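These numbers were taken from a predicted model, which means no experiment stands behind them. Nothing fancy with the numbering, it's 1 onward along the sequence.
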Amino acid sequence: MRRKFVLGNWKLNGSLQENERLFNALVTRLKSLRAADFAVCVPFTYLFQAQALLSSTNIAWGAQNASQFESGAYTSSISAKMIAEFDSKFVIIGHSERRTLSNESNQKAARRFARVVNAHLTPIYCVGETLEELEAGISANVVKNQILAITHGLDDDIFASAKKVNMVIAYEPVWAIGNGQAATSNQAQAMHLFIRNLIAKVDPGFAKTIRIIYGGSMTPANAFGLLSMPDVDGGLIGRCALSANEFSQICDIANQLSLCAESV
Ligand code: PEP
């Protein structure tokens, strides 16, 4: 059984004071939810605070990107090993905002992915098509190429290590991010199954266990429909991750669905 996983992406938001309130509220609201997994990916500067306030809770933390380099003359970059020093567990890789704002290619995202895996952190590898690609009918091809960059574009030992750290794939249709227009449950399910089948071609056993989460305007109102789909193993949450109330409602739904699955 795959436990549901809800991950908040705080993006470029927060302050020490606001974070303290949000962390504390989340700790209180989520502490009794034991059937699903929860995490927040915060700006780098708040990893220390996350470590201080979330250690010994059921909420893990991580970062929103990592350098494709390990060290050296790369001003402003942050390496996966540095992120790991704060007891982080996750790093988002290939988010569409990074792909767009930094013109990040599949190959570059794959190199970052490899650094994260080598630092024994779990990559949340984001894939998804833009509106233009959706309208051109090439969504499957776009997502396939993004997946191939990590399954076939890296040394075999990286993918083997990625399995050991339980890599996660996030399907995030770019046209659904940040605008309140989530994919329908059936759209999400179809793409998640497609992704799982791609992974099955490389490793059928791993395809059964890998968590494929959905991101793009997930809210308490649509979470049940999306998370009930058989191949949707959780949510990557942007806007609603900044509200303790909305984020914890989504976590609660994920927890209930995991509990139901446990009892079957
Ligand atoms: C995201 O940016 O990863 C995301 C899913 O954002 P939102 O939930 O705001 O659409």
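- Applying the salt bridge (charged side-chain N to carboxylate O under 4.0 Å, His left out) definition to pairs two or more places apart or across chains, those involving residues 184-198 are Arg196-Asp231, Arg196-Asp233.
- Residue pairs meeting the side chain to side chain donor-acceptor pair (under 3.5 Å) criterion with at least one partner in residues 150-170, sequence neighbours excluded, are Lys163-Asp203.
- Rounded to the nearest 0.5 Å, atoms CD1 (Ile124) and NZ (Lys89) are 9.0 Å apart.
- Among the candidates Val202, Ile199, Val142, the single residue satisfying the side-chain contact (heavy atoms from CB on, under 4.5 Å) test with Ile147 is Ile199.
- Residue Gln17 qualifies as open at atom CD: its count of foreign heavy atoms under 6.0 Å is 12 or below.
- Without hydrogens or angle criteria, Glu246 side chain to Ser243 main chain gives no donor-acceptor distance under 3.5 Å.
- A distance of 11.5 Å separates CG in Leu16 from CZ in Arg21, rounded to the nearest 0.5 Å.
- The 12-atom threshold is exceeded at CZ of Arg115, counting heavy atoms of other residues, nucleotides or ligands nearer than 6.0 Å.
- Ring geometry for Tyr74 against Phe69 counts as parallel: the plane angle stays under 30°, on a 0 to 90° scale with 60° as the upper cut.
- Remark: the backbone N or O of Glu97 is not paired with any side-chain donor or acceptor of Thr100 at under 3.5 angstrom.
- Using modelled atom types, one finds a donor on one side chain and an acceptor on the other under 3.5 Å when comparing Glu129 with Tyr171.
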Report task. Report the C-alpha separation of Leu26 and Phe38 in whole Å, then their side-chain angles, then the decisive distance to 0.1 Å, and conclude whether the side-chain contact (heavy atoms from CB on, under 4.5 Å) test is met. Result -> CA-CA 10 Å; Leu26 290 177; Phe38 313 109; over 6 Å; no
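- The distance between the ring centers of Trp10 and Phe23 falls below 6.0 angstrom.
- Here the side chain of Tyr125 pairs a donor or acceptor atom with the backbone of Gln146 at under 3.5 angstrom.
- Inter-residue side-chain proximity for Gln49 and Val42 is flagged as unmet; no heavy-atom pair is nearer than 4.5 Å.
- Rounded to the nearest 0.5 angstrom, Glu85 CD and Gln51 CD are separated by 10.0 Å.
- Using a 4.0 Å cut-off between charged nitrogen and carboxylate oxygen, Asp37 and Arg211 count as a salt-bridge pair.
- Looking at Ser79, its side chain never comes within 3.5 Å of a backbone N or O of Ser71 through a donor-acceptor pair.
- In this structure, the side chain of Arg111 does not engage the main chain of Gln68 through any donor-acceptor pair within 3.5 Å.
- How far CD1 of Ile253 is from OG of Ser248: 10.0 Å, rounded to the nearest 0.5 Å.
- The number of heavy-atom neighbours closer than 6.0 Å to CG of Leu101, taken from other residues, nucleotides and ligands shown, is above 12.
- Side chain of Lys4 to backbone of Val232: a donor-acceptor contact under 3.5 angstrom is found.
- Trp175 places no side-chain N or O within donor-acceptor distance of the main-chain N or O of Gln181, the cut-off being under 3.5 Å.
- Residue Ser185 comes nearest to Leu226 through the heavy atom pair OG-N, 3.4 Å, listed as atom of the first residue, atom of the second, then distance.
- For the residue pair Asn106 and Arg99, a side-chain donor N or O sits within less than 3.5 Å of a side-chain acceptor on the partner.
- Remark: side-chain polar atoms of Thr122 are paired, donor with acceptor, to backbone N or O of Val165 under 3.5 angstrom.
- Between the side chain of Asn19 and the backbone N or O of Asn13 there is no donor-acceptor pair closer than 3.5 Å.
- Side-chain rings of Phe90 and Phe5 approach one another, their centers coming within less than 6.0 Å.
- No hydrogens or angles considered: a donor-acceptor pair under 3.5 Å links the side chains of His95 and Glu172.
- Here the side chains of Ile210 and Val168 are not in contact, with every heavy-atom distance at 4.5 Å or above.
- No more than 12 heavy atoms of other residues, nucleotides or ligands sit less than 6.0 Å from atom NZ of Lys81.
- Side chain of Arg3 to backbone of Ala36: a donor-acceptor contact under 3.5 angstrom is found.
- With rounding to the nearest 0.5 Å, the separation of CG in Leu22 from CD in Glu18 is 9.0 Å.
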